Amino acid sequence: MARMTAVVNRKGGVGKSTVTVNVAATTAEVLGPTPEGKDDNVVAISSDPQGSSSWWSERVGDDLPFSFAQVKQAQDLHVLDQIKKSRSIKHAFIDTPGWMDLPEEERQSAGDPFGTGSAAEAMRHVLATADDLIIPMFPEGLSYIPTQETMNEVVLPLGLPYLVVINNWDPRDGVADLQEAQEFARANGWKLANTVIRRYKVHTRAALEGTVVTRYKKNRVAMEAREDFYKLAVEIGAGGKGRR
Ligand SMILES: Nc1ncnc2c1ncn2[C@@H]1O[C@H](COP(=O)(O)OP(=O)(O)OP(=O)(O)O)[C@@H](O)[C@H]1O
Ligand SMILES: [Mg+2]
């Protein structure tokens with residue numbers, strides 16, 4: 001059975017898609033191809049029924065060491081179960097939409113963090129399939145409250161293993177913002193990843209250019225940028241179920 005790791009935060013733009021494809025890429029590069037020579041030890045799944053415009057798979061085609069799957073509508077949801085039951089796939093990383101930004105009718109309704117509609121249905125299904133979660137957050141004030149809501153309303157009630165990961169920290173800004181975000185996470189009692197994903201321009205352009213960290217040019221900055229995702233992969237014990 002594949003291990004299913006969902007990348008979740010209802011706040012938009014905190015790096016869910018960036019983390020998904022890059023942890024998938026680093027994990028896939030370490031595992032290498034299957035004995036049959038196929039690149040499907042690892043799958044990156046987009047579960048955004050709104051059809052978020054700039055998802056990697058539409059830009060890069062087949063030129064990556066992992067495969068892609070898309071869940072665009074309710075009828076596709078069974079794909080998640082198929083992947084979970086697959087014997088060949090070791091680890092799937094599931095990107096989710098920042099549903100706080102969804103239309104009102106798709107959002108929170110009485111006591112239900114997801115409300116109704118196709119995106120809500122997809123989120124429920126993703127979380128029912130997930131073995132564990134990654135919650136990226138930016139080290140900036142605007143990220144705190146939506147992350148706290150995501151944790152309290154979605155992540156903690158599930159009782160699944162999770163890690164909050166600070167993403168997009170710019171070392172040139174000094175450690176104050178980073179330490180404040182770490183303090184915030186600790187004060188809330190969250191499990192915080194030791195790995196911090198730094199801010200690099202190469203990441204910002206990656207989605208547009210349809211590439212992932214393992215394909216970055218071989219220079220020092222690119223290697224530093226890549227290192228963060230290898231670290232995160234090690235920290236979550238990526239590569240399948242037996243490795244946790
Ligand atoms: N570590 C980083 N360094 C530089 N840019 C980053 C980093 N992480 C994310 N970004 C950039 O921030 C923007 C938002 O990232 P991304 O699309 O991964 O977030 P998201 O949570 O998937 O957003 P959405 O909720 O809209 O799907 C993108 O332009 C991305 O390239
Ligand atoms: Mg996204």
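For clarity, every value in this text was computed on a predicted model and none was experimentally measured. Both counts, for ligands and for their atoms, begin at 1 and track the order of listing. These values consider heavy atoms only, across backbone and side chains, with no hydrogens, waters or symmetry-generated copies.
In this structure, Leu127 CG and Met4 CE are separated by 11.5 Å, a value rounded to the nearest 0.5 Å. For the atom pair OH of Tyr200 and OH of Tyr216, the computed distance is 11.0 Å after rounding to the nearest 0.5 Å. Interatomic distance, OG1 of Thr214 versus CZ of Phe229, reported as 11.0 Å (0.5 Å rounding).
Proximity of a side-chain donor or acceptor of Ser143 to a complementary backbone N or O of Pro139 within less than 3.5 Å is not detected. For the pair Thr5 (side chain) and Asp132 (backbone), a donor-acceptor distance under 3.5 Å is absent.
Residues Ala2 and His91 come closest through the heavy atom pair CB-N, 4.5 Å.
The distance from the Mg ion (ligand 2) to the nearest N/O/S atom of Thr96 is not under 2.8 Å.
Polar contact with ligand 1: absent for Pro97 (N/O pair, distance under 3.5 Å). Polar contact with ligand 1: absent for Arg205 (N/O pair, distance under 3.5 Å). Residue Ile197 has no N or O atom closer than 3.5 Å to an N or O atom of ligand 1. Between Gly13 and ligand 1, at least one N/O pair is under 3.5 Å apart. At least one N or O atom of Lys16 sits closer than 3.5 Å to an N or O atom of ligand 1. Below 3.5 Å of separation, one finds no N or O of Lys201 facing any N or O of ligand 1. Taking any N or O of Lys11, backbone or side chain, none lies under 3.5 Å from an N or O belonging to ligand 1. On a distance-only criterion, Ser17 and ligand 1 share at least one N/O pair closer than 3.5 Å.
Atom CE of Met223 is surrounded by 12 or fewer heavy atoms from other residues, nucleotides or ligands within 6.0 Å.
Side-chain polar atoms of Thr34 and Asn41 form no donor-acceptor pair below 3.5 angstrom. Side-chain atoms of Asn9 and Thr150 form a donor-acceptor pair, as typed in the model, at a separation below 3.5 Å.
Close approach of ligand 1 to Arg198 is summarised as follows: ligand atoms under 4.0 Å from at least one heavy atom of the residue are 1 (N), 2 (C), 3 (N). Interface of His203 with ligand 1, defined as ligand atoms under 4.0 Å from a residue heavy atom, comprises 1 (N), 2 (C), 3 (N), 4 (C), 5 (N), 31 (O). When each atom of ligand 1 is checked for a heavy atom of Gly15 under 4.0 Å away, the hits are 15 (O), 16 (P), 18 (O), 19 (O), 20 (P), 21 (O). Ligand 1 places these atoms under 4.0 Å from at least one heavy atom of Asn168: 1 (N), 2 (C), 3 (N), 4 (C), 5 (N), 6 (C), 7 (C). Per-residue contacts place Gly12 under 4.0 angstrom from the following atoms of ligand 1 (heavy atoms of the residue considered): 25 (O).
Salt-bridge annotation for Asp131 and Arg3: absent, with no side-chain N of the basic residue lying under 4.0 Å from a carboxylate O of the acidic one.
Between the choices Val21, Thr18, Thr20, the shortest heavy-atom distance to atom 10 (N) of ligand 1 belongs to Thr18. Taking each of Trp169, Tyr200, Phe138 in turn, the one with a heavy atom nearest to atom 4 (C) of ligand 1 proves to be Tyr200.
With a heavy-atom cut-off of 4.0 Å, Asn167 touches ligand 1 through its side chain alone.
The list of salt bridge (charged side-chain N to carboxylate O under 4.0 Å, His left out) pairs with a residue in residues 158-172, not counting sequence neighbours, reads Asp170-Arg172.
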